[in-house]
Structure formats: C-alpha cells, structure tokens
Amino acid sequence: MTDFNRSVLPDAVRSNGATPNPWWANAVVYQIYPRSFQDTNGDGIGDLKGITSRLDYLADLGVDVLWLSPVYRSPQDDNGYDISDYQDIDPLFGTLDDMDELLAEAHRRGLKIVMDLVVNHTSDEHAWFQASRDKDDPHADWYWWRPARPGHEPGTPGAEPNRWGSYFGGSAWQYDPKRGEYYLHQFSRKQPDLNWENPEVRKAVYRMMNWWMDRGIDGFRMDVITLISKHLDSHGRLPGEVDSELSEGEIGEEGYTDASPFCSDGPRLDEFLAEMRREVFEGREGYMNVGEAPGITPERNEFITDPAHKELDMLFLFDHVGVDQEGSKWNTVPFEVRNLRARLADQQEAVRNAGWASLFFCNHDQPRVVSRWGDDSDRESRELSAKAFGMLLHMHRGTPYIYEGEELGMTNAHFTKLDQYRDLEAINAYRQRVEEARCQSPESMMAALALIGRDNSRTPMQWDASRYAGFTAADAATEPWIGVNPNHVEINAAKEFDDPDSVYGFYKKLIAMRHGNATVATGEWNLVAADSEQVYSFTRTGGDDTILVMVNLTGRTARVPAEVARLLGNGVSESQVLLSTYDAVHGVKSIARGELARWEGVVIQL
C-alpha cells in the first residue's frame with residue numbers, strides 16, 4: 001500500500017494538532033543507506049540506479065516515503081555527511097539525471113523521496129570553506145574561525161581557542177596555516193561547522209534547499225539540525241575562549257570538555273527553524289521535514305513539532321537509544337525493559353496534546369535492534385525478537401521509520417577485528433580511548449564496537465544467498481566496500497518475500513495496520529503496567545475503539561501484568577487478536593494461562 005491507496009485520516013481524528021491532518025500522520029518511512037543498498041555497476045558501492053531497480057520491492061512492502069542518506073558530491077570522509085557540493089550528485093552514486101529518474105519512478109509508484117541534508121557543517125573541500133580561508137573574502141565569517149590562545153604558538157597543543165572535544169575524537173578545533181586561525185568542527189576535522197549567526201549563510205542554505213524542492217523532492221531529513229545555534233556570551237565569545245563570560249565545564253576522561261551543552265538547542269534554534277520554514281516550505285504542499293535532534297528533550301520536541309510554531313514536522317530524539325549506555329557511548333550496560341519504557345513514555349506523553357513523535361530503533365547511526373536488545377543467537381529467537389521490537393515500535397503513536405534490512409531481521413555484523421570497520425567514528429574512538437587516553441581496555445572497546453558501532457547497520461543489504469548477497473554481482477571484480485554479513489545465506493529478501501510468517505511478512509502487516517487503522521495511526525496512547533520487568537504494555541484509543549498492545553521483551557516466559565489482566569477480563573477470542581508475534585491461537589492460549597512466551601507480543605481489540 002502506497003500513497004495511491006493509503007487511507008486519508010478524517011479531520012475528526014486528531015494527529016499533531018494541525019487541521020487538516022498532515023498526509024504523513026499514517027505514513028511509514030523507509031531509510032536507505034545508498035552505498036549499502038544496491039550496486040549496479042560492480043564497483044562495490046551502492047548507487048541511485050540500484051535504488052530505482054528496487055522500487056517495486058519497497059512498494060510491495062507498503063512504505064510511503066524513502067529517506068536517502070546523502071548522495072551529494074563529497075570526499076566521503078564521513079560517508080557523504082561531509083558535503084562539498086550540495087547541488088550535485090557524487091559520481092559514486094551516479095548523476096543528477098539518475099536522481100531525476102529515481103524521483104520520477106518513485107512518484108509513479110506513489111512513493112515520496114526525502115533527502116538527507118547536512119547544514120550544521122560542510123566538507124572542508126566545499127567552495128564556501130575554501131573561500132573562508134581568506135580573511136578578506138566575503139565568506140570569511142561563514143564558519144567558526146578563532147585565533148590561537150594568547151601566548152601559545154598557533155598549531156601547537158594548548159593553543160586551541162577552548163578545550164572542546166570532537167564527537168569523533170580529539171580536539172574540536174583544527175588549525176589552518178593559510179588563514180592562521182582555528183576552525184570549529186564538532187565532528188571530523190574535515191567537517192567544519194557553518195556559522196548560522198551570519199544571515200548570508202542562512203540565505204545560501206535556503207536557496208539550495210529551494211533548488212532541491214523545485215526539482216521535485218518531497219522534503220528533507222536534516223542531520224544534527226539542533227546543533228546550528230551555539231551559546232555565546234554578550235560579546236559573541238564561545239564558552240572557554242579567553243575572557244569569555246561562559247565556562248566550558250570540566251575536562252572529561254578523554255582529555256577534553258564537552259561541547260554538547262553549548263551547541264545543542266542553542267538560544268536561536270527556534271528562530272532559525274521558523275525562518276527556514278518561511279523561506280523554504282511555506283506555500284508548498286505534500287512535503288515532510290524532520291530533524292535529527294541531539295540534545296533535545298521530549299518537552300522541547302513538543303514545542304518544535306507543534307504546528308502552531310511552524311518549525312519542523314518531526315524530530316529524532318535520542319534518549320531512548322541511550323538506555324544501554326552510561327557516561328560515554330562506549331561504556332555499555334545491560335538492556336532493561338523498564339528503562340526503554342520510561343524513555344518512550346516520556347516521548348509519548350510530551351506530544352499528547354500537540355506535536356508529533358518519530359518512532360525508530362534502527363538507522364545508519366544505530367546498530368541492529370535484534371542484536372542489540374533482542375536475540376540473534378538462532379533463527380527462532382532472531383525472528384521472534386525482531387517481530388517483538390517491530391510490533392512495539394509500530395504500535396506507538398507517531399511516524400515509524402524502518403531502516404533497510406530491519407524488515408528482514410538483519411543482524412549486527414559481528415566483526416571481531418578493528419580493520420573490518422570502515423566508520424570514522426569507530427576507528428577514531430578506538431585510537432582516542434584505547435591508545436591515547438587509555439581510559440578503556442582493547443577488549444572492552446571491541447565488545448562495545450561489536451554491540452553498538454555504526455558499521456553494524458551499514459553492511460550490504462541482504463537480497464539473496466549469492467556470494468555478495470545480491471548487493472553486487474557474484475562475479476563482480478570489486479568486493480563490496482564493507483564486508484557482507486555471512487548470515488545472508490539464511491537472512492535475505494528472496495527467502496522471506498513470499499513467506500507470510502517471515503519478519504518481512506510481519507512488517508507488511510504492521511504497515512497495513514498503520515495505513516488502515518486510525519486508532520493505530522493517531523489514537524491516544526496510555527501506558528499500562530509501568531512496573532513490569534519484562535512486559536511493555538499500553539493502550540491506543542480513538543473514540544469508542546480501544547486496542548491493547550503487550551509485548552514480552554525478554555527471552556523468558558513472563559506473567560501477564562495484573563493491570564493488563566484486569567483489562568482482559570475473562571480472556572480474549574481469536575477474532576480479537578489483530579496481530580501476534582506467534583499466531584492468534586497461541587496468543588489466546590497464552591492469555592488464558594496468564595503468561596506470555598518469550599518474545600511474545602499481542603495486539604488485541606478490546
């Protein structure tokens with residue numbers, strides 16, 4: 001089911017507070033990581049023609065929107081999130097003509113295309129940055145340039161403007177000999193931050209966004225967009241700069257201070273997002289804009305996504321995907337159901353009256369949920385836990401996002417050696433934490449990478465059981481850019497496509513429920529049994545219609561919580577079971593016994 005026959009939600013049904021309801025209120029988004037999706041020219045890297053060739057698969061799945069990770073021209077330091085030309089396609093992925101063909105073919109099938117956009121920073125090879133290296137150029141103030149600290153030799157340790165650390169390891173400042181100053185980069189040194197305080201920067205960004213919208217795309221997913229406004233003192237100085245009125249905080253275990261409190265959700269963020277809405281989106285129809293939102297609380301999500309404030313349609317929050325981390329991202333702790341439930345409940349409650357939620361467990365920056373919180377040790381456990389987490393996510397209120405291969409139950413890569421990784425974050429983090437700061441052992445770091453490293457989600461899409469999983473030709477002269485997961489022989493689209501009991505078949509049912517059931521799409525959400533250690537349960541209510549969702553998120557049998565049992569009264573019939581991770585008969589018997597089998601989830605019509 002696509003845009004052609006997806007139900008239109010009546011105005012009597014409330015979604016995010018807008019009237020009429022936005023088209024995306026009962027849509028499902030599918031994220032494509034282009035370099036790992038489908039290679040058509042045998043160079044080991046996925047391309048736009050590959051995506052076009054798989055549109056029928058995506059239409060069959062039933063999704064409505066395709067979100068493409070960046071395909072712009074780029075040196076590929078951070079796999080395309082370092083953009084050197086916003087208005088061209090990188091030759092790795094094809095051409096602008098290929099992009100136009102993809103748009104036309106997707107639209108013909110009722111699929112919309114949303115492009116990833118990175119405007120917190122550019123590549124250091126972008127023409128804007130190269131021009132800014134000249135202090136007399138009109139672009140001189142387009143980035144965050146600062147002189148060395150007084151009394152220090154520029155380019156030497158300690159001469160940086162402040163002690164901020166980069167998310168990708170090392171200092172957040174890089175010295176440029178040509179300009180004789182440092183520039184800020186919250187991520188790679190090849191990703192300098194744009195200075196959004198400069199109105200000319202914003203105008204240039206909006207012109208570029210309008211160019212793409214006019215070309216026919218259907219919106220943007222905006223990378224780390226909540227980092228564009230920095231906290232400055234009354235003289236325009238950053239925290240920790242000489243004579244700044246703002247302290248930069250304490251030095252952490254890696255030898256740097258944390259920039260995130262001063263770069264996330266800054267004082268002008270709402271102003272910038274509202275200006276973007278006016279300059280790019282006002283007067284257009286059928287689009288969607290979603291922002292990646294590090295540092296944003298559920299309460300702030302409500303404000304930013306409230307249509308009355310005219311900022312963004314949706315945000316990606318991160319509090320729920322940090323429940324297995326403590327302090328550093330790389331310090332992992334055991335997953336507990338209660339922690340995930342608390343974070344997701346906060347997100348749901350915050351948008352009860354206005355605003356909207358994005359629903360996701362997996363994306364290009366997160367590992368595979370079936371390996372992270374589920375159980376991929378054998379086929380039955382993998383399929384059951386993949387279905388359990390899929391059901392949990394898709395039955396919440398908001399817009400669900402599926403990451404390529406999630407609908408197949410694809411697993412983590414299970415790499416065991418550092419040289420198997422390609423991700424800049426992973427490689428730099430190992431060097432920073434193990435070799436330089438020595439704050440983590442090699443064994444512990446490798447275990448953390450294997451559990452939550454970003455490359456776990458970036459291995460090639462598993463289309464079939466052939467040598468390279470159908471991602472590229474089995475006889476291709478060039479191997480895929482990153483290793484294919486060996487379990488593609490068992491886990492692949494060809495094997496699951498026609499099997500209604502497969503993970504793929506289960507996701508088709510989830511998507512159909514989102515499209516056809518207004519209660520699932522927009523109904524009120526209420527938590528049930530908040531203290532259960534194993535079972536996550538809630539109701540969805542729309543008018544006189546109530547649906548109960550309960551999912552055992554463990555590999556052990558669980559008792560049905562007393563609060564849930566009271567709602568079920570004298571039990572349920574098979575006709576009341578709308579969906580089960582096992583089957584309706586199994587669900588009815590489990591409820592009669594007052595228990596849920598391992599990874600058992602049931603959606604019940606009350």
Pairing donors with acceptors under 3.5 angstrom, does anything connect the side chains of Tyr468 and Asp39?
no
Does a side chain donor of either Thr305 or Asn16 reach within less than 3.5 Å of an acceptor in the other side chain?
no
Count the heavy atoms of every other residue, nucleotide or ligand shown that sit under 6.0 Å from NZ of Lys49, and state whether that count exceeds 12.
no
Determine whether more than 12 heavy atoms belonging to other residues, nucleotides or ligands lie under 6.0 Å from atom CZ of Arg189.
no
Main-chain N/O of Thr95 paired with Asp98 side-chain donor or acceptor, under 3.5 Å
yes
Taking it one step at a time, do Asp319 and Gln347 satisfy side-chain hydrogen bond (donor to acceptor under 3.5 Å, both in side chains)?
CA-CA 9 Å; Asp319 48 346; Gln347 294 179 18; 2.6 Å; yes
Any donor-acceptor pair under 3.5 Å linking the side-chain atoms of Tyr287 with those of Asp313?
no
Hey, is the main chain of Asn487 close enough, under 3.5 Å, to the side chain of Glu490 for a donor-acceptor pair?
no
Salt-bridge criterion met for Lys112 and Asp64 (N-O under 4.0 Å):
no
Phe168 vs Phe187 aromatic rings, parallel, tilted or perpendicular, using cut-offs 30° and 60°?
perpendicular
Are Arg54 and Asp56 close enough for a salt bridge, meaning some N to O gap below 4.0 Å?
no
Has the side chain of Asn289 got a donor or acceptor atom that lies under 3.5 Å from a matching backbone atom of Phe220?
no
Phe360 pairs by ring pair (Phe, Tyr, Trp, His ring centres under 6.0 Å) with which of Trp67, Phe316, Tyr401, Tyr403?
Phe316
Could you tell me whether Asp82 and Lys190 make a salt bridge, using a distance below 4.0 angstrom between a side-chain N and a carboxylate O?
no
Ring-plane angle category for Tyr421 and Phe415, please: parallel below 30°, perpendicular beyond 60°, tilted otherwise.
perpendicular
Which heavy atom in Met513 sits nearest to a heavy atom in Val520, and how many Å separate them?
O-CB, 4.0 Å
Ignoring hydrogens and angles, state whether a donor on the side chain of Asp378 or Ser381 is under 3.5 Å from an acceptor on the partner side chain.
yes
Spacing of Ile228 atom CD1 and Leu194 atom CG [to the nearest 0.5 Å]:
10.0 Å
Could you tell me whether a side-chain N or O of Asn492 sits under 3.5 Å from a main-chain N or O of Gln462, the two making a donor and an acceptor?
no
More than 12 heavy atoms of other groups within 6.0 Å of Gln87 CD:
yes
Leu344 CG to Leu359 CG distance, which is reported to the nearest 0.5 Å:
8.5 Å
Hydrogens and angles aside, do Ser188 and Asp77 bring a side-chain donor and acceptor to less than 3.5 Å of each other?
yes
Kindly say whether His396 contributes a backbone atom to a donor-acceptor pair with the side chain of Arg540 at under 3.5 angstrom?
yes
In terms of relative ring orientation, are Tyr507 and His394 parallel, tilted or perpendicular, with 30° and 60° separating the classes?
perpendicular
To the nearest 0.5 Å, how far apart are CG in Leu312 and CD1 in Ile304?
7.0 Å
Is it true that Tyr57 and Tyr504 have ring centroids separated by less than 6.0 Å?
yes
Within the 3.5 Å criterion, strictly below it, is a donor on Trp356 or Thr399 matched to an acceptor on the partner's side chain?
yes
Is Glu380 salt-bridged to Arg598, going by a charged N under 4.0 Å from an acidic O?
yes
Atom pair CZ/CG of Arg372 and Asp324 - distance to nearest 0.5 Å
4.0 Å
dist Tyr72:OH -> Ile89:CD1 (nearest 0.5 Å) comes out at 8.0 Å
So that I know where these two stand, are His364 and Tyr81 an aromatic pair - ring centroids less than 6.0 Å apart?
yes
Distance (rounded to the nearest 0.5 Å) between Leu579 CG and Met391 CE
4.0 Å
Cation-pi check, Arg35 to Trp481: give yes when NZ or CZ is under 6.0 Å from the six-membered ring centre and within 45° of the ring axis, no otherwise.
yes
Which residue, Asp376, Thr459, Asn456, forms the side chain to side chain donor-acceptor pair (under 3.5 Å) with His414?
Asp376
For residues Phe361 and Trp373, establish whether the separation of their ring centroids is below 6.0 Å.
yes
Ion pair check, Arg109 and Glu105, cut-off under 4.0 Å
yes
Main-chain N/O of Arg458 paired to Ser36 side chain as donor or acceptor, under 3.5 Å:
yes
Side chain to side chain contact (heavy atoms under 4.5 Å, CB included) between Asn120 and Asp193, worked out
CA-CA 6 Å; Asn120 173 72; Asp193 277 41; 3.4 Å; yes
Is it true that, when you exclude Arg284 itself, more than 12 heavy atoms of the residues, nucleotides or ligands shown sit nearer than 6.0 Å to its CZ?
yes
Measure across Asn301 and Ile296 and return the closest heavy-atom pair with its distance rounded to 0.1 Å.
N-CG2, 3.7 Å
Establish, from distance only, whether the side-chain atoms of Gln31 and Asn363 form a donor-acceptor pair under 3.5 Å.
no
Distance alone, cut at 3.5 Å: any donor-acceptor contact between the side chains of Thr40 and Asp47?
yes
Between Asp464 and Ser466, is there a side-chain donor-acceptor contact under 3.5 Å, judged purely by atom types and distance?
yes
